[in-house]
2 protein chains.
Amino acid sequence: MDEPSTWLDTEQQDIWQDLLTVVIALPAALDRQLQRDAGMSNFEYGVLARLSMAHEATMRLSELARVCDSTLPRLSKLMDRFEAREWIVRRVDPSDGRYTLATLTDGGRRQLAESAPGHVAQVRRLVFDPLTAVQRRHLGAALSRVADTLRRETDCGPTG
Amino acid sequence: MDEPSTWLDTEQQDIWQDLLTVVIALPAALDRQLQRDAGMSNFEYGVLARLSMAHEATMRLSELARVCDSTLPRLSKLMDRFEAREWIVRRVDPSDGRYTLATLTDGGRRQLAESAPGHVAQVRRLVFDPLTAVQRRHLGAALSRVADTLRRETDCGPTG
DNA sequence: TGCGATCACTTGCCTGGGCAAGTCATTCCG
DNA sequence: CGGAATGACTTGCCCAGGCAAGTGATCGCA
């Protein structure tokens with residue numbers, strides 16, 4: 001009746017349903033906690049965290065956008081908001097006037113430090129606590145395959 | 001130096017990074033394909049699919065919103081767009097005037113049938129093709145634990 | 001050297017979605 | 001029976017993000 005190559009079998013459908021739940025509800029749960037406790041979204045937290053890990057807490061916007069899976073307009077507008085809160089400062093890259101450098105301020109670093117424990121606890125509670133050590137290892141192995149596929153997809157050929 | 005219960009170890013950080021990639025890039029990839037080939041988002045596809053599976057392709061909006069992980073305002077506005085494209089019709093529930101019933105039209109069903117193969121192929125390509133049968137089974141086991149946790153989270157206590 | 005091409009970012013416009021308030025139907029309870 | 005309480009949407013307002021066009025800076029090549 002069904003084309004085997006077109007449809008998913010029962011096991012795949014169950015996995016797919018759970019995966020859909022995770023990709024929808026997990027970001028939503030992370031956003032709720034961070035919004036409530038720190039007044040920022042999961043994406044905003046990720047940007048601050050990436051910046052804090054960079055050398056001298058400074059990165060070019062294009063590079064920051066890339067590692068944060070963001071577009072440049074989106075990041076540009078976020079930087080406007082962060083500058084208004086004085087969490088970052090922008091300045092022109094002295095070595096190439098086309099680039100803009102963003103640097104985390106002390107206030108931004110403080111904000112990140114205050115938000116981190118609650119966020120990490122949420123990640124631990126929702127993702128790692130429900131798993132045994134073996135399940136965690138297996139999840140990691142499978143996720144790395146899927147994540148690699150998606151990264152190739154995004155980088156080179158967003159063929160759809 | 002670090003509180004063991006506060007921070008993630010290296011294995012967990014790697015898994016977390018891959019999971020972040022998946023929850024961000026997977027919906028984006030699904031949206032791109034569906035938008036390009038069918039002029040709709042992944043969420044819109046899910047709503048049509050759920051409706052098509054219901055008895056007589058009809059559901060109450062509140063029930064449809066629940067199974068689609070949507071809010072009522074969001075779904076209400078989507079129904080406006082779907083009605084404009086004549087993919088669904090709305091009518092008051094005769095058994096209780098507070099409810100609104102949505103029914104998939106023939107046009108909506110046709111649209112779904114045309115979109116399904118490409119969407120399923122994309123899911124298969126991005127999620128299942130990179131995995132061995134064993135990895136797939138392991139992924140399913142771990143995901144079901146995490147998904148269950150998230151569903152409890154959403155239903156009862158969005159404690160954050 | 002100078003002018004067009006490229007690059008990095010910014011801005012404007014539009015759409016989708018969240019939240020809170022409003023509307024209408026039904027139920028509860030005196 | 002009637003008014004208050006509840007329930008199921010719907011609407012209005014606001015903001016974040018996508019895309020396309022605009023702005024400077026730098027590069028390439030004649």
Side-chain angles (χ1 to χ4, degrees), chain A residues 23-25 27-36 39-47 58-85 88-103 154 158 160, chain B residues 23-25 27-36 39-48 51 58-85 88-103 154 158 160:
Chain A
V23 301
I24 293 169
L30 296 174
D31 279 338
R32 270 200 307 276
Q33 182 270 325
L34 275 170
Q35 203 61 250
R36 177 168 57 80
M40 71 175 104
S41 69
N42 183 38
F43 172 68
E44 291 169 333
Y45 178 93
V47 171
T58 299
M59 287 181 77
R60 293 174 167 179
L61 292 193
S62 46
E63 172 69 3
L64 187 56
R66 199 183 56 76
V67 299
C68 291
D69 293 311
S70 170
T71 62
L72 216 28
R74 181 183 185 186
L75 189 62
S76 181
K77 289 166 186 171
L78 179 58
M79 292 294 104
D80 291 345
R81 282 173 267 148
F82 278 180
E83 268 193 324
R85 299 188 217 179
I88 64 114
V89 291
R90 263 192 280 220
R91 69 177 192 282
V92 173
D93 187 334
S95 73
D96 186 333
R98 289 173 299 183
Y99 290 93
T100 300
L101 296 176
T103 301
T154 306
Chain B
V23 301
I24 292 169
L30 295 174
D31 279 338
R32 269 200 309 275
Q33 183 269 328
L34 276 171
Q35 202 61 250
R36 178 168 56 80
M40 70 175 105
S41 70
N42 183 39
F43 172 68
E44 290 169 334
Y45 177 92
V47 171
L48 288 184
L51 205 49
T58 299
M59 288 180 77
R60 293 174 169 179
L61 292 194
S62 47
E63 172 69 4
L64 187 56
R66 200 183 55 77
V67 299
C68 291
D69 294 311
S70 170
T71 62
L72 216 30
R74 180 185 185 186
L75 188 63
S76 181
K77 289 166 185 171
L78 179 58
M79 293 295 104
D80 291 345
R81 283 172 267 148
F82 278 179
E83 268 193 324
R85 301 187 216 178
I88 64 115
V89 292
R90 263 193 280 219
R91 69 177 191 284
V92 172
D93 188 334
S95 73
D96 187 331
R98 290 171 298 183
Y99 291 93
T100 300
L101 297 175
T103 301
T154 307

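What's counted below: heavy atoms across the whole structure, side chains too, no hydrogens, waters or symmetry copies. Lettering follows sequence order; numbering is per chain, from 1.
- In terms of the side chain to side chain donor-acceptor pair (under 3.5 Å) criterion, residue partners of A/T58 (sequence neighbours excluded) are, by chain and number, A/T103.
- If you take CG on B/L64 and CE on B/M59, they are separated by 5.0 Å, rounding to the nearest 0.5 Å.
- In this structure, the CD atom of B/E83 is 13 Å from the P atom of D/dC9, given to the nearest Å.
- Residue B/M40 contributes atom CE, which lies 14 Å from atom P of C/dG17 at whole-angstrom precision.
- Remark: B/F43 pairs with no residue by the ring-ring contact (aromatic ring centres under 6.0 Å, His included) rule, at least two apart or across chains.
- The distance between atom CG of A/L72 and atom C1' of C/dT10, rounded to the nearest whole Å, is 9 Å.
- Sorted by first and then second residue, the ring pair (Phe, Tyr, Trp, His ring centres under 6.0 Å) pairs with a member in residues 59-82 of chain A read A/F82-A/W87; sequence neighbours excluded.
- Here D/dA8 presents its P atom at 16 Å from CZ of B/R90, a figure rounded to the nearest Å.
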For residues 72-80 of chain B, please give each side-chain donor-acceptor pair under 3.5 Å, one per line with the distance, not counting sequence neighbours.
from  : atom 1 : to    : atom 2 : distance (Å)
B/D80 : OD1    : B/R90 : NH2    : 2.2

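- Within the structure, the ring pair (Phe, Tyr, Trp, His ring centres under 6.0 Å) test picks out no pair touching residues 58-81 of chain B (sequence neighbours left out).
- Atom pair B/D93:CG and C/dC24:P shows a separation of 19 Å (rounding to whole Å applied).
- Close to D/dC9, at under 4.0 Å from its OP1 or OP2, lies a side-chain N or O of B/S62.
- As rounded to whole Å, 12 Å separates atom P of C/dT10 from atom CG of A/L64.
- Within the nucleic acid shown, A/D96 comes within 4.0 Å of sugar-phosphate atoms alone, with no base atom in reach, counting heavy atoms only.
- Judged as a salt bridge (charged side-chain N to carboxylate O under 4.0 Å, His left out), the pairs with a partner in residues 63-73 of chain B (not counting sequence neighbours) are, in order, B/E63-B/R66.
- At D/dC9, none of the side-chain N or O atoms of B/R60 fall inside 4.0 Å of OP1 or OP2 (strictly under the cut-off).
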Look for any protein N or O under 3.5 Å of an N or O in nucleotides 17-23 of chain D and output each such pair with its distance, or none.
from   : atom 1 : to    : atom 2 : distance (Å)
D/dG17 : OP1    : A/R74 : NE     : 3.4
D/dG17 : OP1    : A/R74 : NH2    : 2.9
D/dG17 : OP2    : A/R81 : NH2    : 3.2
D/dG17 : O5'    : A/R74 : NE     : 3.4
D/dG18 : OP2    : A/T71 : OG1    : 3.2
D/dG18 : O6     : A/K77 : NZ     : 2.4

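- Going from atom CG of B/L101 over to atom P of D/dA8 covers 13 Å, rounded to whole Å.
- The side chain of A/S76 places no N or O atom within less than 4.0 Å of a non-bridging phosphate oxygen (OP1 or OP2) of C/dC9.
- In this entry the distance linking OH of A/Y45 with C1' of D/dA16 reads 21 Å, nearest Å.
- Atom CG of A/L34 is separated from atom CG of A/N42 by 6.0 Å, given to the nearest 0.5 angstrom.
- Remark: B/V92 pairs with no residue by the side-chain contact (heavy atoms from CB on, under 4.5 Å) rule, at least two apart or across chains.
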* **Under 4.0 Å protein heavy-atom contacts per nucleotide of nucleotides 2-7 of chain D, with B for base, S for backbone only and - for none** => -----B
